[in-house]
Amino acid sequence: MLEGLEQRWSEQWAADGTYAFDRTRPRAEVYSIDTPPPTVSGSLHVGHVFSYTHTDLIARYQRMRGKTVFYPMGWDDNGLPTERRVQNYYGVRCDPSLAYDPDFTPPEKPDPKKQVPISRPNFVELCERLVLEDEKVFEDLWRTLGLSVDWAQHYTTIGEKAQTASQRAFLRNFARGEAYLQEAPTLWDVTFQTAVAQAELEARDYPGAYHRIGFGRPGTDEGPVFVETTRPELVASVVALIAHPDDERYADLFGTTVTSPVYGVEVPVLAHPAAEMDKGAGIAMCCTFGDLTDVTWWRELDLPVRTVIGRDGRFTRETPAWLASEKASAAYGRVAGKTVFSAREETVTMLRETSEMEGDPKPTQRMANFYEKGDKPLEVVATRQWYLRNGGRDRGLRAELVGRGEEITWVPPYMKSRYDNWVGGLNGDWLISRQRFFGIPFPVWYPLDDEGQPDYAHPLMPTEAELPVDPSTDAPRGFDEAQRGKPGGFLGDPDVMDTWATSSLTPQIAGGWETDPDLFERVFPMDLCTQAHDIIRTWLFSRVVRAHHEQGVSPWSHALVSGFVVDPDRKKMSKSKGNVVVPTDILEKFGADAVRWRAATARPGLDSPFDESQMKVGRRLAMKVLNASKFVLGRVDGATTDPFAVVDPVDCALLGRLETVIRRATDAFDAYDYTTALEVTERFFWEFCDDYVELVKERSYGDDADSVTAAGTDSARATLALALDAVLRLLAPFLPYVTEEVWSWWREGSIHQHAWPKGTDLGSAAAAAPGVLEASAAALAGMRGAKSQAKASMRAELASATVRGPENLVRGAEAAARDLRASGRVTGDLTFDVDDSLTEIVVEAHLADPA
RNA sequence: GGGCGUAUAGCUCAGCGGUAGAGCACCUCGCUUACAACGAGGUGGUCGGGGGUUCGAUCCCCUCUGCGCCCA
């Protein structure tokens, strides 16, 4: 019965434009949402499905509250993940030195080990081709899940809208001095051969070994100074030994020089508080660069740069100038061109040959920085990169950005401290350039001087009207293509923007910033951004940075942060662990409504373990909605939802209860607490089915003219209809399919375009206290209990029943005496005795003898 | 080491000053004219440990411990 609803209704919604944004409405009537553009080259797991469902619950609620909802979906298709997927999928790799081949076709049988080198334009073409396929799959999934996205507002992070917005924002950042080009030590991934930003780092334990190596003290009788290092190969690039200023062991050495083992290079011994006295020998070898501490020392102690590791992660082939001596150059010849790993082995061999290493290496675990997508530790390489100011080097800006965070309502509130911690812990500006191919290029060229050397200090920029540009194929104003790379000509910036540098502008891209001012004014700043907690430091923060620089505001008023779906052992789902739950499987098995129901039970911010048995509960609810509706609609001919017909005390009590439920669900949704909204609605719905419907069933049939008045029948039918009408709307954000199906049986139009219920829909009857319902439900439960204990059928008749309890409850139940007699099948006496020694209803019942 | 969260029934979670709640699971019963992919009834907990505040603490405060995440 539930099967096929997804396809049928999602097609209907698409055809009717049910979720179309109305751009004629004023800002006050708009609710705008910034939702993460999923990485289409990646695979979705059930956690994404939950998080996007959370957004949709809010979107649907706001729409029913009368807002027109701006709910665009974007695809994050640029960047490294797509490049990697294209390499594997087509068996190619990008070689920017090659020329474009218009006739290129990818290999028929891709061999990942023998990737065919192709030009950058060819590579980008393949990327564009593949993301189209991926995006189709994603869109289908979102439609099946029932996301009420307005697909007309769609964007991609590589598309022209995104290119123009990213380049325009960059030009303005540059003009205001917020973006700048700098040659500086940069964390570098040797596998992907690109620079990596602080936000993409991941500290991991990495096995290493302490090598105890000695530095000579020429001109003294003293023995060598020993350092313990996990990276002996870097002895080739040592620039100083550094100990803590308070370390008495080395006090005498400060200001003297020592000579490096193997190479015999003379370096100073210096003091700096960043040296850790209790780590290793307490004195460290500073190399440019082994890690970020080296960068600090290099900067603060004004040390020279001695780079031996190239961008490919290998030792440079030419012998560096400071290793010019015969001894040093001979030693360097043995490591030149080697990978870090091989160079380390060779260096250890040399250290043993010269007896400058003491003992054997001692295994240790150290924390090393990794690119989150990489599996080799990052190196530090001096390169020229674009940076965007994000407060990492500016206390004032940092304070302003923390202030922007305070303008946002965080759901749950404690997620703000993640943001504050991250902003407070920044230690450098945002590195936005990447040495990759499938991304948005920097709209920048550099003039070449008479010798063909680029002048980085005076970059050439396009006007905003010329955007988007690709400096690798477009020539700057005043030049022509023939001057590319020639002395007196120009050079295009070869880098692309980091994917976050594009997706940090999603509110601007989707909202039509500078291209559609009328739209932008209606949707920006947005009302809501949603994401899981892992991207607070990246996506959330970077959007605040961009909006702060460009518009001087926080990009949204609310941030809703979802937790993760973790596996049953509470471990994070990841491909490598093989514990990923594929969303298409569960959607097929349980249906979209069931999966959405389960997602809605995961509160904002809290991780939730995946458990299939929970999906069944959602499915059962959807099924119950269908069945209960079938019953109610079989009782009410036409639309008899007239509150004035409701006169019976039990019916009034039900509406009174419903009024409270509507109020609580509305308050909860207003506070972004969709879980509580669902909880109170669902509880009401089950009570409605189990107690109320059972109580009034006989009365609603209206075929027992002797015992039931026509008014009572009308009252029950009107109440059934009123309650169903309201409860369907309360459930609509959670179960869009089944509620729409039922709605279509007796109402016009889509339930998703109808108003959220209000207490006033229920008329004055809803002012009744729900006590009668509670008391009669308890009495009914008592009768059922008696039958259950007697192991009798629920249809079994009771010869007599006595309802006892405190006065208010007994009187309440007595008001429903007729319904109780009918639903409990009491054939003989039904009496109500007040007994104030009791605190609740107790039923004493005698079964009729079986005939 | 710092920050944040969390600890309640076998499991997933509500409750957050006034005699412990739901769903799942489990047990028993029942095919009843909305529903057997169902319904009815029931079993099950010194609310992580220790202090304190209070007439009263699962709830507030302190502390310890476990777990998770983020940052060093």
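Just so we're on the same page: letters track the sequence lines, and every chain starts at 1.
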Using atom [atom1] in both nucleotides, what's the gap between [N] and [M] to the nearest angstrom?
N: B:C64; M: B:G1; atom1: P; answer: 13 Å
N: B:G21; M: B:C47; atom1: C1'; answer: 11 Å
N: B:U33; M: B:A37; atom1: P; answer: 15 Å
N: B:C61; M: B:C16; atom1: P; answer: 15 Å
N: B:C59; M: B:G48; atom1: P; answer: 8 Å
N: B:U8; M: B:U46; atom1: P; answer: 13 Å
N: B:G10; M: B:G17; atom1: C1'; answer: 30 Å
N: B:G39; M: B:G44; atom1: P; answer: 24 Å

Separation of atom [atom1] in [X] from atom [atom2] in [N], rounded to whole Å:
X: A:Arg418; N: B:G68; atom1: CZ; atom2: P; result: 14 Å
X: A:Arg683; N: B:C24; atom1: CZ; atom2: P; result: 12 Å
X: A:Arg570; N: B:G68; atom1: CZ; atom2: P; result: 10 Å
X: A:Asp607; N: B:G68; atom1: CG; atom2: C1'; result: 7 Å
X: A:Leu2; N: B:C38; atom1: CG; atom2: P; result: 11 Å
X: A:Trp686; N: B:A22; atom1: CH2; atom2: C1'; result: 13 Å
X: A:Arg537; N: B:A72; atom1: CZ; atom2: C1'; result: 13 Å
X: A:Trp745; N: B:A34; atom1: CH2; atom2: C1'; result: 10 Å

Could you tell me the Watson-Crick or G-U partner of [N], where both distances fall under 3.5 Å? Say none if there is no partner.
N: B:A34; answer: none
N: B:U54; answer: none
N: B:G1; answer: B:C71
N: B:C29; answer: B:G39
N: B:C13; answer: B:G21

Just call it for [X]: base, sugar-phosphate, or nothing, with non-hydrogen atoms closer than 4.0 Å on any strand.
X: A:Lys630; answer: sugar-phosphate
X: A:Val693; answer: base
X: A:Asp534; answer: nothing
X: A:Glu682; answer: nothing

Please state whether the phosphate of [N], meaning OP1 or OP2, lies under 4.0 angstrom from any side-chain nitrogen or oxygen of [X].
X: A:Arg620; N: B:G39; answer: yes
X: A:Lys697; N: B:A34; answer: yes
X: A:Tyr701; N: B:A34; answer: yes
X: A:Gln198; N: B:A72; answer: yes

hbond_proxy A:Glu694 side chain to B:A40 base (donor-acceptor, 3.5 Å cutoff):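 For A:Glu694, whose side chain was compared with the base of B:A40, there is no donor-acceptor pair (under 3.5 Å).
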Could you walk me through whether A:Tyr692 and A:Phe631 pass the ring pair (Phe, Tyr, Trp, His ring centres under 6.0 Å) test, one step at a time? CA-CA 13 Å; A:Tyr692 178 76; A:Phe631 169 77; over 10 Å; no
Nucleotide nearest A:Leu606 when distance is taken to its side chain, options B:G41, B:A14, B:C38: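 My answer, after comparing the listed nucleotides, is B:A14.
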Closest to the A:His533 side chain: B:A34, B:C69, B:C71?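 Out of B:A34, B:C69, B:C71, the nucleotide with an atom closest to A:His533's side chain is B:C69.
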On the ring face of A:Trp686, is A:Arg620 found with NZ or CZ under 6.0 Å from the centre and within 45° of the axis?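 Checked: cation-pi criterion met.
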Taking the six-membered ring of A:Trp539 (Phe, Tyr or Trp), confirm whether the NZ or CZ of A:Arg543 is under 6.0 Å from its centre and within 45° of its axis.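 Yes, A:Arg543 and A:Trp539 form such a contact.
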A:Phe564 and A:His533: aromatic ring centres closer than 6.0 Å?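 Under 6.0 Å, so yes.
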So, A:Tyr61 versus A:Tyr674, ring centres under 6.0 angstrom or not?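 That pair fails the under 6.0 Å test.
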Report the residue (A:Pro568 or A:Lys791) whose heavy-atom-nearest nucleotide on RNA chain B is the more 5′ of the two.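 Mapping each residue to its closest nucleotide by heavy atoms, the 5'-most match is A:Pro568.
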On RNA chain B, check which nucleotide each of A:Ser417 and A:Leu201 is closest to and give me the residue with the more 5' one.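 Taking each residue's closest nucleotide, the earlier one in sequence belongs to A:Ser417.
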Can you name the one residue among A:Thr713, A:Asp651, A:Asp714 that meets side chain to side chain donor-acceptor pair (under 3.5 Å) with A:Arg699?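 For A:Arg699, the side chain to side chain donor-acceptor pair (under 3.5 Å) check succeeds only for A:Asp651.
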Tell me which one of A:Leu728, A:Leu678, A:Val625 satisfies side chain to side chain contact (heavy atoms under 4.5 Å, CB included) with A:Leu735.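 Only one option passes, and that is A:Val625.
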